[in-house]
K.L.:
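Have a look at this one before I ask anything.
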Amino acid sequence: MESNLYLYNTLSRSKEKFEPINPPFAGMYVCGPTVYGDPHLGHARPAITFDLVFRYLLHLGFKVRYVRNITDVGHLVADLDEGEDKIAVKARVEQLEPMEIAQYYADRYFIYMDSLNVKRPSIEPRASGHMIEQILMVQKILEAGYAYEVNGSVYFDVEKYSKTYEYGKLSGRVLEDLMTNTRTLEGQDEKRNAADFALWKKAQPEHIMRWPSPWGDGFPGWHLECSAMSTKYLGEYFDIHGGGMDLLFPHHESEIAQCQAAIGHESVKYWLHNNMVTINGQKMGKSLGNFITLEEFFTGTHAALQQAYSPMTIRFFILQAQYRSTLDFSNEALQAAEKGLKKLMAGYETLGKIPLPLPLPKQGGETSPPTPIGIQATSPPTPLPGGEGRIRDLWMSCYAAMNDDFNSPMVIASLFEGVRIINSAADNKEILTAPELEMLKNIFDIFLFDILGMKNEKGGDNQDVLDGLMQLVLSIRQKSRETKDWGTSDQIRDALQKLKITVKDGKEGSSWGIE
RNA sequence: GGUUUCGUGGCCGAGUGGUUAGGCAGCGGUCUGCAAAACCGUCCACAGCGGUUCGACUCCGCUCGAAACCUCCA
């Protein structure tokens, strides 16, 4: 299968042509959330970024298997510094079974990702469900001689690995620096080298998340689950591995080493990394305590928020930046996104109302053709400069943008150009041919909705009811306007405005929208 | 200190060796019962200093500044 898709491979620090290993199949693994807290804006970035990748690959016709894990074990807690599991700590504090915590937050994650219109991946494996695979992988690494066991824990031997392979090739680290600069952690004395990392960690008696293993009761190391699960579901060599830039080191670097050691070769062809969301120039993150949860965004209940922002506003805000750029949060930027999105959606709605130009008169029974609504005989509409070519250019530029490392901001700019053309046509300043209208509609359907994954939030589930109701109200108001009963007309408009419904009066009647 | 990356107009954010990104905000106009929307026009830019070049915001170097990672974190 041919595509002209180029993506930025962190491994080579350059854009590479996407050539899947087994076309038409494409495999993608993305590091998912650790389910011990409510999803926040930081979680939305990678989810939406790789949703965009997923959607575009699907659009191009690839048969995509997209795997995104749920981390429900592992991960040490820094502030306690005792090597305890994040989820376990939370469980103890809240007097719950650890899996209750994980289940609760996993469910929350799914709900909020759904609201952001993030497609569910093909497989969402949980680390806790893949203990056997992880233990087997540790054994393979041990057999290959790149790991050693100490007191019921198993560590990866980075120094030995580096004699044959390059630990640091993804992140650009130099081993010597790592050996001298790595912070001293608990259990450090067990390690042969400061740069070594745990594959399996012995569970202390008070540790409530534990599994049996050949080395005694314990839990898997921080990087193991992704290697084990990506191998299981995507094979020993697959196309794309994604995640946040903050995971580059040590997480992804260690994944490479684990797979190389266990399998004998690298497992990932393209490494993709999304950048961070910042707040006041600083990373928005759990550990910094400056994050805003998605629930808070949707309800507006956070001191830093001037108002509530809808899921689609958040999604659009994120897609307005290229995924490898940092994205700075501010109310001003979010409000700009909200307005821009509204304009885009209104443009699409307008597009549906532009009447098709007249078909050529049929031979035979012709009467004088009716004047189409929206085209005034007095001021002949000027043909579109460049004719159909201009719409086709728009179409092509959307593909060009997506093919250039998923440049969603460029796609959005093209869509705005489309809106400008649509509005001009609706204003009788330009005329669109039937093929042009068709093509414009396709551009929006494909790029705005299918690929960027935007959806209309206007009326939710009761759209039909709302539409009918509004039609009724506006027709009543129209009657009062025709008799120049401005009092009644304005009364209706003001009342609707209080319900956050904006009425716009145009030449062909009134339209409405919800703020 | 090391690694990686970045510094674009009032705000957010693309892109490029010589041509308008786009959105939001501002200003002027058209339209309109009013309002909103829309349309047209318009203002505001590429951190600083050198170098390469006919020409750099775009390439190279330096300086200054910022961020992420080096400890779990999307």
Side-chain angles (χ1 to χ4, degrees), chain A residues 10 13 30-34 36-37 39-47 49 71 74-81 85-86 168 171-174 176-178 180-185 195 222 242-251 253 273-278 281-288 291 316-317 320-322 324-344 346-347 350 401 404 407-410 412-417 419-420 422-424 426-430 481 484 486 489-490 493-494 497 502-507 510-511 513:
Chain A
T10 309
R13 311 263 170 207
V30 174
C31 294
T34 302
Y36 70 106
H40 57 80
L41 190 59
H43 292 101
R45 186 101 198 251
T49 296
T71 298
H75 295 284
L76 305 177
V77 178
D79 48 351
L80 293 185
D81 230 341
D85 196 288
K86 273 178 180 171
S171 58
R173 308 287 152 133
V174 181
E176 286 71 44
D177 296 333
L178 291 173
T180 53
N181 287 337
T182 303
R183 177 189 154 201
T184 302
L185 279 171
W222 323 330
M245 271 185 189
D246 52 344
L247 296 178
L248 234 150
F249 188 88
H251 186 56
E253 194 70 63
H273 290 95
N274 65 272
N275 216 320
M276 305 291 105
V277 177
T278 60
Q282 265 213 319
K283 175 178 164 181
M284 185 179 282
K286 187 100 196 163
S287 57
L288 294 168
F291 64 97
F316 191 67
F317 170 67
Q320 269 189 313
Q322 212 271 348
R324 285 189 292 112
S325 307
T326 54
L327 175 61
D328 200 50
F329 156 84
S330 70
N331 280 286
E332 210 177 352
L334 241 8
Q335 282 157 13
E338 184 177 55
K339 285 188 183 174
L341 176 59
K342 200 171 157 193
K343 183 173 172 176
L344 221 41
T350 305
D404 185 16
N407 196 329
S408 50
M410 287 284 281
I412 290 169
S414 291
L415 292 174
F416 275 114
E417 174 61 16
V419 168
R420 203 194 57 70
I422 290 166
N423 286 331
S424 286
D427 258 19
N428 301 312
K429 295 212 168 75
E430 297 183 14
R481 296 185 74 223
K484 297 200 190 296
W486 306 124
S489 167
D490 289 352
R493 188 174 66 193
D494 294 347
Q497 190 60 56
T502 304
V503 175
K504 291 178 265 184
D505 297 326
K507 279 179 188 165
S510 306
S511 62

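From a predicted model like this one, the values you see are computed outputs, not experimental measurements. Just so we're on the same page: letters track the sequence lines, and every chain starts at 1.
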K.L.:
Using the C1' atom in both, what is the distance from rU53(B) to rG1(B), to the nearest Å?
P.N.:
38 Å

K.L.:
Parallel, tilted or perpendicular: which one describes the rings of Phe291(A) and His40(A), with boundaries at 30° and 60°?
P.N.:
tilted

K.L.:
Write down the atom of Ala337(A), the atom of Phe316(A), and the distance for their closest heavy-atom approach.
P.N.:
O-CD2, 3.4 Å

K.L.:
Provide, to the nearest angstrom, the distance between the CD1 atom belonging to Ile412(A) and the P atom belonging to rG23(B).
P.N.:
12 Å

K.L.:
Less than 4.0 angstrom between a side-chain N/O of Lys343(A) and OP1 or OP2 of rC24(B), yes or no?
P.N.:
yes

K.L.:
Base, sugar-phosphate, or nothing for Met276(A), non-hydrogen atoms under 4.0 angstrom?
P.N.:
base

K.L.:
Report yes if a donor N or O on one partner sits less than 3.5 Å from an acceptor N or O on the other, where the partners are the side chain of Arg493(A) and the base of rA36(B); otherwise report no.
P.N.:
no

K.L.:
On the nucleotide rA25(B), are OP1 or OP2 found under 4.0 Å from the side-chain N or O atoms that Lys339(A) carries?
P.N.:
yes

K.L.:
For rC43(B) versus rC27(B), give the span between their P atoms, rounded off to a whole number of Å.
P.N.:
16 Å

K.L.:
Both Gln282(A) and Phe416(A) contact RNA chain B. Taking the nearest nucleotide for each, which residue is further toward the 5' end?
P.N.:
Phe416(A)

K.L.:
To the nearest Å, give me how far apart CG (Asn275(A)) and P (rC73(B)) are.
P.N.:
17 Å

K.L.:
Within the structure shown, what part of the strands sits under 4.0 Å from Leu247(A) by heavy-atom distance: base, sugar-phosphate, or nothing?
P.N.:
sugar-phosphate

K.L.:
In this structure, how many angstroms lie between the P atom of rC31(B) and the CG atom of Asn423(A), rounded?
P.N.:
18 Å

K.L.:
To the side chain of Ala336(A), which of rC24(B), rC12(B), rC70(B) is closest?
P.N.:
rC24(B)

K.L.:
I want to check one thing: is the phosphate of rC34(B), taken as OP1 and OP2, less than 4.0 Å away from some side-chain N or O of Ser489(A)?
P.N.:
no

K.L.:
Without decimals, in angstroms, what is the distance between Phe316(A) CZ and rC12(B) C1'?
P.N.:
11 Å

K.L.:
Would you classify Ala413(A) as touching base, sugar-phosphate or nothing, given that sugar-phosphate means primed atoms plus P, OP1 and OP2, and contacts are heavy atoms under 4.0 Å?
P.N.:
base

K.L.:
What's the spacing between Met276(A) CE and Asp328(A) CG if we round to 0.5 Å?
P.N.:
13.5 Å

K.L.:
Could you check whether Gln322(A) gets within reach of a base, just the sugar-phosphate, or nothing at all, counting any heavy atom under 4.0 Å?
P.N.:
sugar-phosphate

K.L.:
Rounded to whole Å, how long is the line connecting atom CG of Asp490(A) with atom C1' of rA35(B)?
P.N.:
8 Å

K.L.:
Looking at the side chain of Ala321(A), which of rG33(B), rA14(B), rA68(B) is the nearest nucleotide?
P.N.:
rA14(B)

K.L.:
With heavy atoms under 4.0 Å as the rule, sort Arg324(A) into base, sugar-phosphate or nothing.
P.N.:
nothing

K.L.:
Between rG9(B) and rU63(B), how many Å separate the two P atoms, rounded to a whole number?
P.N.:
24 Å

K.L.:
State the pairing partner of rA66(B); accept Watson-Crick or G-U wobble contacts with both distances under 3.5 Å, and report none otherwise.
P.N.:
rU5(B)

K.L.:
Could you tell me the separation between the NZ atom of Lys342(A) and the P atom of rA36(B), rounded to a whole number of Å?
P.N.:
12 Å

K.L.:
What is the nucleic acid contact for Thr350(A), judged by heavy atoms within less than 4.0 Å: base, sugar-phosphate only, or nothing?
P.N.:
nothing

K.L.:
Please report the interatomic distance CG(Asn274(A)) to OG1(Thr326(A)), rounded to the nearest 0.5 Å.
P.N.:
11.5 Å

K.L.:
If you find the nucleotide of RNA chain B closest to Glu417(A) and the one closest to Met410(A), which residue's nucleotide is nearer the 5' end?
P.N.:
Met410(A)

K.L.:
Would you mind classifying the nucleic acid contact of Leu41(A) as base, sugar-phosphate or nothing, using non-hydrogen atoms under 4.0 angstrom?
P.N.:
nothing

K.L.:
How would you label the contact of Asn407(A) with the nucleic acid (heavy atoms, under 4.0 Å): base, sugar-phosphate, or nothing?
P.N.:
sugar-phosphate

K.L.:
Starting from P on rA14(B), measure out to CG on Leu415(A) and report it in whole angstrom.
P.N.:
16 Å

K.L.:
Provide the distance between the two P atoms, one in rA67(B) and one in rC57(B), to the nearest whole Å.
P.N.:
27 Å

K.L.:
Could you check which of rG23(B), rU5(B), rG2(B) has an atom nearest any side-chain atom of Arg173(A)?
P.N.:
rG2(B)

K.L.:
Considering only the P atoms, how many Å lie between rU4(B) and rC12(B), rounded to the nearest integer?
P.N.:
28 Å

K.L.:
Write down the distance separating the P atoms in rG65(B) and rU8(B), rounded off to the nearest Å.
P.N.:
16 Å

K.L.:
Any sub-3.5 Å donor-acceptor pair from Asp404(A)'s side-chain atoms to Asn407(A)'s backbone N or O?
P.N.:
no

K.L.:
Minimum heavy-atom separation for Arg324(A) to Arg45(A), with atom names?
P.N.:
N-NH2, 4.4 Å

K.L.:
To the nearest 0.5 angstrom, please state how far the CG atom of Leu341(A) sits from the CG atom of Leu334(A).
P.N.:
11.5 Å

K.L.:
Grab the CG-C1' distance between Asp328(A) and rG7(B) for me, whole Å please.
P.N.:
13 Å

K.L.:
Sort out the partner of rG18(B) for me: Watson-Crick or G-U wobble, both distances under 3.5 Å, none otherwise.
P.N.:
rC54(B)

K.L.:
Pairing check on rG33(B): which nucleotide meets the Watson-Crick or G-U wobble criteria with it, both distances under 3.5 Å?
P.N.:
none

K.L.:
Take atom C1' in rA35(B) and the same atom in rU19(B), then report the distance between them in whole Å.
P.N.:
40 Å

K.L.:
Roughly how many Å apart are rC40(B) and rC24(B), using the P atom of each and rounding to a whole number?
P.N.:
13 Å

K.L.:
Under 4.0 angstrom, heavy atoms only, what part of the nucleic acid is Gly42(A) near: base, sugar-phosphate, or nothing?
P.N.:
base

K.L.:
Strictly by Watson-Crick or wobble contacts shorter than 3.5 Å, is anything paired with rC27(B), and which nucleotide is it?
P.N.:
rG41(B)

K.L.:
Counting side-chain heavy atoms from CB outward, which of rC34(B), rC39(B), rC12(B) is closest to Ser424(A)?
P.N.:
rC39(B)

K.L.:
Taking 4.0 Å as the cut-off, does a side-chain nitrogen or oxygen of Arg420(A) come that near to OP1 or OP2 on rA38(B)?
P.N.:
no

K.L.:
Looking at Cys31(A) and Leu247(A), what are the two nearest heavy atoms and their distance?
P.N.:
CB-CD1, 3.6 Å

K.L.:
Which one, rC39(B), rG22(B), rA21(B), comes nearest to the side chain of Pro409(A)?
P.N.:
rA21(B)

K.L.:
For side-chain contact (heavy atoms from CB on, under 4.5 Å), just list the numbers for Leu415(A) and Val419(A), CA-CA rounded to whole Å, side-chain angles, deciding distance to a tenth of an Å, and then say yes or no.
P.N.:
CA-CA 6 Å; Leu415(A) 292 174; Val419(A) 168; 5.7 Å; no

K.L.:
Checking contacts here: which listed nucleotide (rC12(B), rG33(B), rA68(B)) is nearest the side-chain heavy atoms of Arg481(A)?
P.N.:
rG33(B)

